[in-house]
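Contents: one structure, followed by commentary.
Counting convention: from 1, in listed order, for ligands and their atoms alike. These numbers come from a predicted model, not from an experiment.
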Amino acid sequence: MLIQIPAVLSPEEAAGYRARLEQAAWRDGAGTAGHVAAQAKTNLQLADDDPLGRALGAAIVDRLAAMPRFIAAALPLRVLPPRFNCYAGGGAYGRHVDSAIFTAPGGRERVRSDLSATLFLSEPDSYDGGALIAEFGAGDQPVKLPAGHLLLYPASSLHQVTPVTRGMRFAAFFWVQSIVRTQARRTMLLALDDSIQALSARDPAEPEVVRLTGLYHNLLREWAET
Ligand SMILES: O=C(O)CCC(=O)C(=O)O
Ligand SMILES: [Fe+2]
């Protein structure tokens, strides 16, 4: 399932990010892909220890930590530091699956990638191509979101970014280890959470809200891995 988290950054903030990223020290993105994925990757990327990337990435993680929709959808246990990429001049990232396990900065902790995330930083009309296509049973779903919006998708899905044939596509991307490992369980918890929110918005005194909230937490207790 694809989940959009709108307005992680305002359009003005995203423009500020782009202005700084345009000056950054970009490198061949194939250097950081696994052996198979590298063959499909013709984009640019900032080094993991790039000070600009670290600063912007930390600001993104702080912002997400205060966004209830992100918390409800991802149920994050660990969030890897965002990385930054840029596609231009036909650059693309062909069909691939993300690595299952990443090493967190510091080199000790292993992080399982349950969710993949792309924070779009360029406005969709400023570039041609550059759609993110994640494959599910129902078929391909090309997505290009406004600058500042985040797309969450299961890290297990085959996905690609189509060639950027005009303009530049800047993005931040990162992985999340969730408290709830499977997409199916996270999807049910999010649907239940949405219903509880809707019910209590309609009638704050609705007694079933208490019961459903208890059910939500008891399901989470059953499924949580921390
Ligand atoms: O640029 C994107 O939106 C996705 C990048 C990606 O799939 C990856 O780096 O594994
Ligand atoms: Fe990927």
Of all N, O or S atoms in His96, the one closest to the Fe ion (ligand 2) is NE2
Report yes if some N/O of His96 lies less than 3.5 Å from some N/O of ligand 1; otherwise report no. yes
Distance from atom 8 (C) of ligand 1 to nearest protein heavy atom, with residue and atom: Tyr93 CE1, 3.3 Å
Would you say Arg169 contacts ligand 1, with heavy atoms under 4.0 Å as the rule? yes
To 10°, measure the NE2(His159)-the Fe ion (ligand 2)-OD1(Asp98) angle for me. 100°
Identify the closest protein heavy atom to atom 1 (O) of ligand 1: which residue and atom is it, and at what distance? Tyr87 OH, 2.7 Å
Ligand 1 atoms nearer than 4.0 angstrom to some heavy atom of His159 are 7 (O)
Under the salt bridge (Lys or Arg N to Asp or Glu O under 4.0 Å) criterion, do Asp194 and Arg69 qualify, and how do the steps go? CA-CA 10 Å; Asp194 284 344; Arg69 184 80 189 148; 2.9 Å; yes
When you look for heavy atoms under 4.0 Å from ligand 1, do you find them on the side chain of Lys41, its backbone, both, or neither? neither
Tell me whether Glu225 at atom CD has more than 12 heavy atoms from other residues, nucleotides or ligands lying less than 6.0 Å away. yes
Show me which atoms of ligand 1 lie under 4.0 Å from any heavy atom of Asn85. 1 (O), 2 (C), 5 (C)
Between Thr42 (side chain) and Ala92 (backbone), is there a donor-acceptor pair under 3.5 Å? yes
From the candidates Asp98, Thr118, Leu119, Val143, the one that places a heavy atom nearest atom 10 (O) of ligand 1: Asp98
Short list, please: which atoms of ligand 1 are under 4.0 Å from a heavy atom of Phe173? 9 (O)
Determine yes or no for a side-chain-to-main-chain donor-acceptor pair under 3.5 angstrom, with Arg27 supplying the side chain and Leu44 the backbone. no
Which ligand 1 atoms are under 4.0 Å away from a heavy-atom of Val161? 1 (O), 2 (C), 3 (O), 4 (C)
Does a side-chain N-to-carboxylate-O contact under 4.0 Å join Asp125 and Arg166? no
Can you measure from CZ (Phe120) to CZ (Phe170) and round to the nearest 0.5 angstrom? 14.5 Å
Side-chain touch Trp175/Ser99, heavy atoms, less than 4.5 angstrom: no
Could you tell me whether the side chains of Asp98 and Ser113 share a donor-acceptor contact shorter than 3.5 Å? no
